[in-house]
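Questions regarding the structure given below will be posed in turn.
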There are 4 protein chains.
Amino acid sequence: MQEKIQDKKAAVLQATLELISEQGFHATPMSQIAQKANIGVGTIYRYFPSKEDLINSLYIQVKSRLAQFVFKNYSENMPVRRSFIILLRSIVDYFIENPKEFLFMEQYANSPMITVATRQEGLRMFEPASKLFIRAKEETLLKDLPMEMINTLAFGATKALVNLYLFSEVKPDSATLDKGVEAVWDTIRR
Amino acid sequence: MQEKIQDKKAAVLQATLELISEQGFHATPMSQIAQKANIGVGTIYRYFPSKEDLINSLYIQVKSRLAQFVFKNYSENMPVRRSFIILLRSIVDYFIENPKEFLFMEQYANSPMITVATRQEGLRMFEPASKLFIRAKEETLLKDLPMEMINTLAFGATKALVNLYLFSEVKPDSATLDKGVEAVWDTIRR
Amino acid sequence: MQEKIQDKKAAVLQATLELISEQGFHATPMSQIAQKANIGVGTIYRYFPSKEDLINSLYIQVKSRLAQFVFKNYSENMPVRRSFIILLRSIVDYFIENPKEFLFMEQYANSPMITVATRQEGLRMFEPASKLFIRAKEETLLKDLPMEMINTLAFGATKALVNLYLFSEVKPDSATLDKGVEAVWDTIRR
Amino acid sequence: MQEKIQDKKAAVLQATLELISEQGFHATPMSQIAQKANIGVGTIYRYFPSKEDLINSLYIQVKSRLAQFVFKNYSENMPVRRSFIILLRSIVDYFIENPKEFLFMEQYANSPMITVATRQEGLRMFEPASKLFIRAKEETLLKDLPMEMINTLAFGATKALVNLYLFSEVKPDSATLDKGVEAVWDTIRR
DNA sequence: CATGAATGAGAATTCATTCAT
DNA sequence: CATGAATGAATTCTCATTCAT
């Protein structure tokens, strides 16, 4: 029984992800989500109090899956540079495998529809990454720039790599992506 | 008279930018745009066939203004590195001065509402920048990466700098931004 | 077991009375009734075929309780005036003690949701009162007005007394209510 | 132009009155009101911000019309009893001529949908009646009962007369109604 | 040309009722 | 028997677009 419930909730989230990543939130009626999830419209409201809530839940789910994937092979017992490269490459890999999640994140990460609380919950999942940056700083491996800027530059460039892979006409191969990730390291390393 | 017409068109675009950058496209009714532009709702339709068209026009306008600003002080008769730094720093400056345009661009640059044609028209305005990258490549100053990746990395990181300035709690000063821009150069330089 | 069943049925009716008298019929979902009655939604439908049926049943119940209370101390072996005063005063007393039932009656007595059949069944319970009016008429104690008008005036004024007690800021004491009831008698007495 | 606007607003109010008095508020969708008023659904919202607002406006309109009718032939330069009889008879006449307004008032006068402010605005229109009661009291023509009870009894009985006329099978003729109104006077006169 | 009243398709959401467990 | 998850018809309200003035 419990499984069935989770099934429906998951189906709604999956349908929402697929539709919203392509059409956008406002161009995606609840009725369409219901149809794609093979359930009745009213059923969505058993699991999510409102459309806004639904998208916030989806945000959490995507962030959580990303975190799980990214930190699976991640260990703190590695040299900073290697940890860093693996981390970023994992992000790239995850989004390359899950382009809809990337599209969704790009569109909604900064949207006013995602509440502050949701965003904070999402941030908490990436604390290991923050620790890594702190370690790197302590080892004076990084440029003398504000931590926040280091962060922003690194993730901004990483997202750009994903963007390139997903939308450019000639997709870089894995080795080229590796070089790309190393270029990102060059951005912030001293 | 011709001026008057341009006045109204401009007023509509300006109102749209302000409202849409804060509320989003779907949360901004045409009636509100008309009100802010001090004209009647029907009048908007004399200048823009539809709401979608209006937003595409706005996209072009913003890109065009950015290009104008960025290439004003730009010359091809400078060393590559210097040209590059100036170029990126101009982008940062423009968006710092015009946060609404940045917000708008971040939200709609990848939105399905912007047509392919519009996007291409926007790209054409930045051809001088493409030339710069080609020149850099010829001078073997850049990493051995696909041109497109170089491009993406550079602009992705640059946008990240703007983002940081606009939304982080401690805004970097001009010197720090310069260092940031130089870090972006490190991303792509050989 | 039979008691249990009656328990549930009674719980539903009680919950309905409380919720509907305050929120109104359409503002009271079946789910809320079920919750207040501590049963499942589906269970309501074992006892009442539909929401409309439920409210009709409640109407009968309230009328029936009122009749029981009113005719408990009522006897036909009293002078007409006294019988009459006691009758009306009982009605006032009942509703003062059961304001929710009054609210319910005021709202639904004339509602199109109460069927003609239900209304008639409710009327039948007050036949002793009709007899009293006939007796009064025969004893020429009443004004020379149509029986129905006598009736309507008397009960209309009585309901007004209850209304006053329940909703005015200064509630009349028992003695004043007695005087009020006597005033009602003045309305119809010759 | 101004007339046209008033036409539509009036048409909406009239349609609302007719539908709501027979079906009730919640059983009357906005679409039905629009249809009966021969306008589009959206047009209703140009004149009334919400369905609740619409019903409050209707309440004011009905009360206002009643007041206008009732106080047309009313003068303070008449003996109290005569003033009183005329007043009540006018109320009876108005509602007999406008049964839908009566039905509406009976259903919504005490409904939580009518706001306190609306109710107060409605009360203000009947101040001449309040004055009459005060004058009667000063001339010691009334029973020694609280003013509010006097009021409630009189209007409660009057409404009962209307009810009788509208819904009983044998309608009282005008002379009988006069006697009915006089009986109401007996209710409160000393 | 400019206007904004009018329109109705379409959106989110609710809730009476059913029925598998 | 009792339950409450599932359903989708129905409701209120919004808003892009049109068009008479």
Side-chain angles (χ1 to χ4, degrees), chain A residues 1-2 4-5 7-9 12 25-35 37-54, chain B residues 1 4-5 8 25-35 37-54, chain C residues 1 4-5 8 25-35 37-54, chain D residues 1-2 4-5 7-9 12 25-35 37-54:
Chain A
M1 331 279 111
Q2 191 59 19
K4 283 282 175 65
I5 284 181
D7 277 6
K8 300 221 176 188
K9 197 167 179 177
V12 171
F25 179 76
H26 283 100
T28 304
M30 293 298 258
S31 55
Q32 206 183 0
I33 295 174
Q35 198 171 30
N38 268 321
I39 57 168
V41 211
T43 308
I44 298 179
Y45 289 86
R46 294 207 71 75
Y47 300 108
F48 307 96
S50 73
K51 202 183 176 188
E52 280 222 347
D53 220 274
L54 169 56
Chain B
M1 305 304 105
K4 284 280 177 62
I5 285 181
K8 295 211 180 187
F25 179 75
H26 282 98
T28 304
M30 293 296 259
S31 56
Q32 205 184 2
I33 294 174
Q35 198 173 30
N38 268 320
I39 58 168
V41 212
T43 309
I44 298 180
Y45 287 85
R46 298 212 73 78
Y47 302 109
F48 307 96
S50 74
K51 202 183 177 188
E52 280 221 347
D53 221 274
L54 168 55
Chain C
M1 308 300 106
K4 284 281 176 65
I5 286 181
K8 296 212 179 186
F25 179 76
H26 283 97
T28 304
M30 294 295 261
S31 56
Q32 205 184 2
I33 294 174
Q35 198 172 30
N38 269 320
I39 58 168
V41 212
T43 310
I44 298 181
Y45 287 84
R46 300 212 72 75
Y47 301 110
F48 307 96
S50 75
K51 201 183 177 188
E52 281 222 345
D53 222 275
L54 169 56
Chain D
M1 332 281 108
Q2 190 59 19
K4 284 283 174 64
I5 286 180
D7 277 7
K8 299 222 175 185
K9 196 167 179 176
V12 171
F25 179 77
H26 283 100
T28 304
M30 293 299 256
S31 55
Q32 205 184 2
I33 294 174
Q35 198 171 30
N38 267 319
I39 57 168
V41 210
T43 308
I44 299 179
Y45 288 86
R46 294 206 72 75
Y47 300 109
F48 306 96
S50 73
K51 203 182 177 188
E52 280 221 345
D53 218 274
L54 169 55

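These figures come from a predicted structure and were not determined experimentally. Every chain is numbered from 1 and lettered A, B, ... according to where its sequence line falls, protein lines coming before strand lines.
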Worksheet item: Taking atom C1' of F/dC13 as reference, at what distance in whole Å does atom CG of D/Asp53 sit?
Response: 14 Å
Fill in: Atom pair distance, as rounded to whole Å: CG in B/Leu54 and P in F/dC15
16 Å
Practice prompt. Answer with base, sugar-phosphate or nothing: what part of the nucleic acid does D/Ile44 contact at a heavy-atom distance below 4.0 Å?
Written response: nothing
Worksheet entry | Minimum-distance nucleotide to B/Lys8 side chain [options: E/dA5, E/dT3, E/dT7] |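 The nucleotide sitting nearest to the side chain is E/dT3.
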Worksheet item: Do you know which two heavy atoms are closest between D/Pro49 and D/Tyr45, and how far apart they sit?
Response: O-CD2, 3.7 Å
Practice prompt. Measure the distance from CG on A/Asp7 to P on F/dA5 and round it to the nearest whole Å.
Written response: 15 Å
Worksheet item: Taking CG from C/Asn38 and C1' from F/dA2, how many angstroms apart are they, rounded to a whole number?
Response: 14 Å
Worksheet item: Which distance, rounded to the nearest 0.5 Å, do you find between the OH of D/Tyr47 and the CD1 of D/Ile44?
Response: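 That separation rounds to 11.0 Å.
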Worksheet item: Paired with E/dC15 by Watson-Crick or G-U wobble geometry, both distances under 3.5 Å: which nucleotide is it?
Response: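 Partner of E/dC15: F/dG8.
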Worksheet item: Roughly, in whole Å, what's the span from CD1 in C/Ile33 to C1' in E/dT17?
Response: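 Between C1' of E/dT17 and CD1 of C/Ile33: 13 Å.
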Fill in: Value in whole Å for how far the C1' atom of F/dA16 lies from OH of B/Tyr47
19 Å
Item to complete: Take D/Ile39 and B/Arg46, find for each the nucleotide of DNA chain E with the closest heavy atom, and name the residue whose nucleotide sits nearer the 5' end.
Response: B/Arg46
Worksheet item: Closest heavy-atom contact between C/Met30 and C/Lys51?
Response: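 So the two residues come closest at SD-CG, 3.4 Å.
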Worksheet item: For D/Gln32 and F/dT11, what is the distance between atoms CD and P respectively, to the nearest whole Å?
Response: 9 Å
Worksheet item: In Watson-Crick or G-U wobble terms, both distances under 3.5 Å, what is the partner of F/dA20?
Response: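 Matched F/dA20 with E/dT3 under the 3.5 Å cut-off.
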Worksheet item: Closest approach of A/Glu52 and A/Phe25, non-hydrogen atoms and distance?
Response: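 Closest pair (atom of A/Glu52, atom of A/Phe25, distance): N-CZ, 4.3 Å.
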Discussion item. For a quick check, with a 4.0 angstrom heavy-atom cut-off, what is the B/S/- contact string for nucleotides 11-16 of chain E, read 5' to 3'?
Written reply: SSBBSS
Practice prompt. Find the distance between NZ (D/Lys8) and CG (D/Asn38) and round it off to the nearest 0.5 Å.
Written response: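 Reported value, rounded in 0.5 Å steps: 9.5 Å.
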